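Worksheet for the structure shown next.
This is a predicted model, so every value here is computed, not measured. Just so we're on the same page: letters track the sequence lines, and every chain starts at 1. All heavy atoms count here, side chains included; hydrogens, waters and symmetry mates do not.
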Amino acid sequence: MELPTAYNAKEVEDKIYQLWEKSGFFNPDKLPLRHKKPFTIIMPPPNANGSLHIGHALFVTLEDIMIRYQRMKGRKTLWLPGADHAGFETQVVFDKKLEKEGRNRFQIPKDQLYKEILEFTLANKKVMEHQLKKLGASCDWSREKFTLDENIIKVVYETFEKLKKDGLVYKGKKIVNWCTKHQTSLSDVEIKYEERNDPLYFIKYGPLELATVRLETKFGDTAVAVNPKDKRYKDYIGKEIEIETLLGKNKIKVIADEAVDPEFGTGVVKVTPAHDPVDFEIWQRHINEIPEPKQVIDKYGKLNELAGPYQGMKVKEAREKIAEAMAQKGLLDPAKTQLDYKHNVALCYKCGNIIEPMILDNQWFVKMTAKPKSGKLSLRDSAVKAVKGKKIVFIPKRLEKVFLHWMKNLRDWNISRQITWGIPIPGDPSGQVFDTWFSSGQWPFATLKSTEKGDFEKFYPTDVMETGWDILFFWVARMIMLGIYATGEAPFKYVYLHGLVRDKERQKMSKSKGNVIDPLGVVDLYGADALRMALIVGNTPGNDPVIYEEKIKGYRNFATKIWNASRFVLMNLDGYNANIKIQLSAKDKKTIKDFQKTAKEITKEMDEFRFYVASEKIYHYFWHTFCDKIIEEQKPRLYPLSPSGSSGRAKKEKAASQYLLITLLSESLKLLHPFMPFITEEIYQQLPIKNKRDCLMVETWFEK
RNA sequence: GGACGAUUAGCUCAGUUGGCUAGAGCGUCUCACUUACACUGAGAAGGUCGCAGGUUCGAGUCCUGCAUCGUCCACCA
């Protein structure tokens, strides 16, 4: 048999993918029943607002490895693909697109905007599907779901109704994280904190003095608070003091609250419930003592009419002007101002603009720590119980601690967004949409309840949720909570969390830095198998993997090596008959035994999710044992130089050698297949072996 | 303020119940275009496994302390 000396991935890969698709074996229903238990992974649906990046290639590879491995082990494997409309994320991407076109979403009628984003999303979705195939994803396309599919939305609404009935959803007037750029509220996980230096001013409030950064919110003060144990101020508690506000004199009440730290500043705080979450909580605790909150900053981050002459100014400008004016009036002591005061500022995780806490009256919240009417455990507690009871296992284990710690501090979840793109909240006249994570938090059961009949019963709970650790709180936590709440069972048994792909300088990859590796470009150059190996070898769960072109090239070379070793074996099979009994030497037997030992080790690594070790082991075996040693040792047996070359003994030696090579080659290809599916399949198709299957994809994994 | 992780070859990283003569990719040097493969082969250089103690017959691997880097959570008016 003649094969070219270099493996041509480009030619082979599309052909092989078609072969797999045609075989029907992506669909678990088409697989022979060799194992009672199915094996299910619900694919984290990529955001349909761009092309796949290297991080997607990583998750595709990891999940495909698990799926292919389990399929070869005989499980009926379901890998359910999907695409995410990705509400806020896509809205942001689309906003940028509009900006480039000189348009603005706030000037486009809602219906038209929605339609445009839908078209944009569906186009991206199509591109992504093609890209997933390029990477070798052996997922069941017949069950593909989109987060805006009607029957998915139906499930989401059912859960929402259930939560309402259980008293776990409420619509409230509450302080929210408001992004003045995106014009929407955000949940607590969608804000990040950054250390900033700002001036800390010391101002006079009548007889008292207090320290504040946010001078501009003073027009919204409804009280002054001190610690109840602070003896310095005990005579003021419960009394009103007269203060000068720049807009005239005003009376304000002094209250006592534990939240005030007597050590900080003067031990006195101004209370602005409309613009500070801590102050909001103070107000809640003293709701009968102090007046309603007064909003002084509007949705665009500008001061409103309550700020008198400062109306229309942005926060920063107003702050400086107010400081000046107060200093002039002797209400602020500039000598005391701490210019380099370090504190954390809340920012929008997308645009980095400062979050303005703001009270909105039509916000939907999910209670995280309250018991449902129909059950005993809160969303939070049921999830914690499942994790502590090992119903869900984290890989790596240490992230379980991170998860539990986060769960401890949970506050109610704001699920309303003031954007156009997403699933509308039913019964909300203001036209808000759900936080995407509210619907994608239901993804494992929503998908299975809306595909083939009986899928939910067959495949739920799923086996593994594999995703990036950066969305542990955004997504994994919500899936666990909502999954248990809606179905009574944890949605998956294992959570495998991979890291963020970085470049050789350990930098995040981003378009603006120009250090991105386009996975499809790499596939084009070096083949999907090479990229997959480069993404897996040495990549431990929970840690950020590093990828660079040389590494990919290294595994492209490995693909060539596999190719040529196979070529060698196939070229030396003259006279070989798979059905004739072979006499193996003691050394041959030992060689096979060594292989089995290696295969056993690799199997163990696979079972324990250590793909980064398994891949290296099979790599090492194939190249440095099979090629470097075994093949070299067989050469004299395959073409003996002595005149006795045609003797019966020499023929037997040759036959044994051929058997040894073809056996070890085909067995090695099986072990390599989950990692490098294309090249192994292509070679398998040409092997003259006994009991050959339609494809390597459904061969039997090493058993012993 | 809490918690976690990392520190191993020039670079990027593996090394999971303690037995390692410490591995991989890339890079460096020498030789070989030998009929599977130059996207190769043979060989070599390069590591006191962050520092200091401890446990052990034996520690990169376990314990204690320290240093440096990184990450996450909380949040300070």
OP1 or OP2 of [N] less than 4.0 angstrom from a side-chain nitrogen or oxygen of [X], does that happen here?
X	N	value
A:Tyr619	B:G25	yes
A:Asn564	B:U40	no
A:Asn543	B:A14	yes
A:Thr5	B:C37	no
A:Arg411	B:C73	no
A:Lys551	B:C11	no

Tell me: [atom1] of [X] to [atom2] of [N], nearest whole Å?
X	N	atom1	atom2	answer
A:Ile536	B:A24	CD1	P	20 Å
A:Asn557	B:C26	CG	P	6 Å
A:Glu263	B:A77	CD	C1'	15 Å
A:Asn8	B:C37	CG	P	18 Å
A:Gln338	B:C76	CD	C1'	12 Å
A:His405	B:C72	NE2	C1'	9 Å
A:Lys397	B:U17	NZ	C1'	13 Å
A:Ile630	B:C37	CD1	C1'	17 Å

Exercise. Heavy atoms under 4.0 Å, any strand shown: does A:Asp628 hit a base, just sugar-phosphate, or nothing?
Worked result: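 A:Asp628: backbone/sugar contact only, no base atoms under 4.0 Å.
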Taking atom types as modelled, is there a side-chain donor on [X] or [Y] under 3.5 Å from an acceptor on the other?
X	Y	result
A:Gln295	A:His275	no
A:Asp198	A:His343	yes
A:Thr266	A:Glu209	no
A:Asn250	A:Thr245	no
A:Thr272	A:Lys270	yes
A:Asn227	A:Tyr233	no
A:Asp188	A:Asn177	yes

Exercise. If you pin A:Lys401 and A:Phe568 to their nearest nucleotides in RNA chain B, which one's is more 5'?
Worked result: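 With A:Lys401 and A:Phe568 compared, the 5'-side residue is A:Lys401.
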Exercise. Between A:Trp469 and A:Ala565, which has a closest nucleotide on RNA chain B that is more 5'?
Worked result: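 Per heavy-atom nearest nucleotide, the more 5' residue is A:Ala565.
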Quote, to the nearest angstrom, the [atom1] distance that separates [N] from [M].
N	M	atom1	result
B:G46	B:A22	C1'	14 Å
B:G60	B:U48	C1'	12 Å
B:A42	B:C37	C1'	15 Å
B:U71	B:A32	C1'	49 Å
B:U68	B:C31	P	47 Å
B:U17	B:C73	P	32 Å
B:U55	B:A3	P	28 Å

Could you check whether the side chain of [X] and the base of [N] have a donor-acceptor pair of N or O atoms closer than 3.5 Å, going by distance alone?
X	N	value
A:Tyr555	B:G25	no
A:Glu632	B:A42	no
A:Lys561	B:C37	yes
A:Lys617	B:A14	no
A:Arg556	B:C39	yes
A:Asn344	B:C75	yes

Does any nucleotide pair with [N] by Watson-Crick or G-U wobble geometry, both distances under 3.5 Å, and what is it?
N	result
B:C72	B:G2
B:A67	B:U7
B:A44	B:U28
B:A22	none
B:G60	none
B:U17	none

Exercise. Among B:C76, B:C73, B:G23, which nucleotide sits nearest the side chain of A:Glu616?
Worked result: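 For A:Glu616, the side-chain atoms sit closest to B:G23.
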Exercise. Out of B:A14, B:C76, B:C39, which has the shortest distance to the side chain of A:Phe264?
Worked result: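 Nearest listed nucleotide: B:C76.
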Exercise. Out of A:Phe675, A:Phe626, A:Phe558, which one pairs with A:Tyr619 under the ring pair (Phe, Tyr, Trp, His ring centres under 6.0 Å) rule?
Worked result: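 Answer after filtering A:Phe675, A:Phe626, A:Phe558: A:Phe558.
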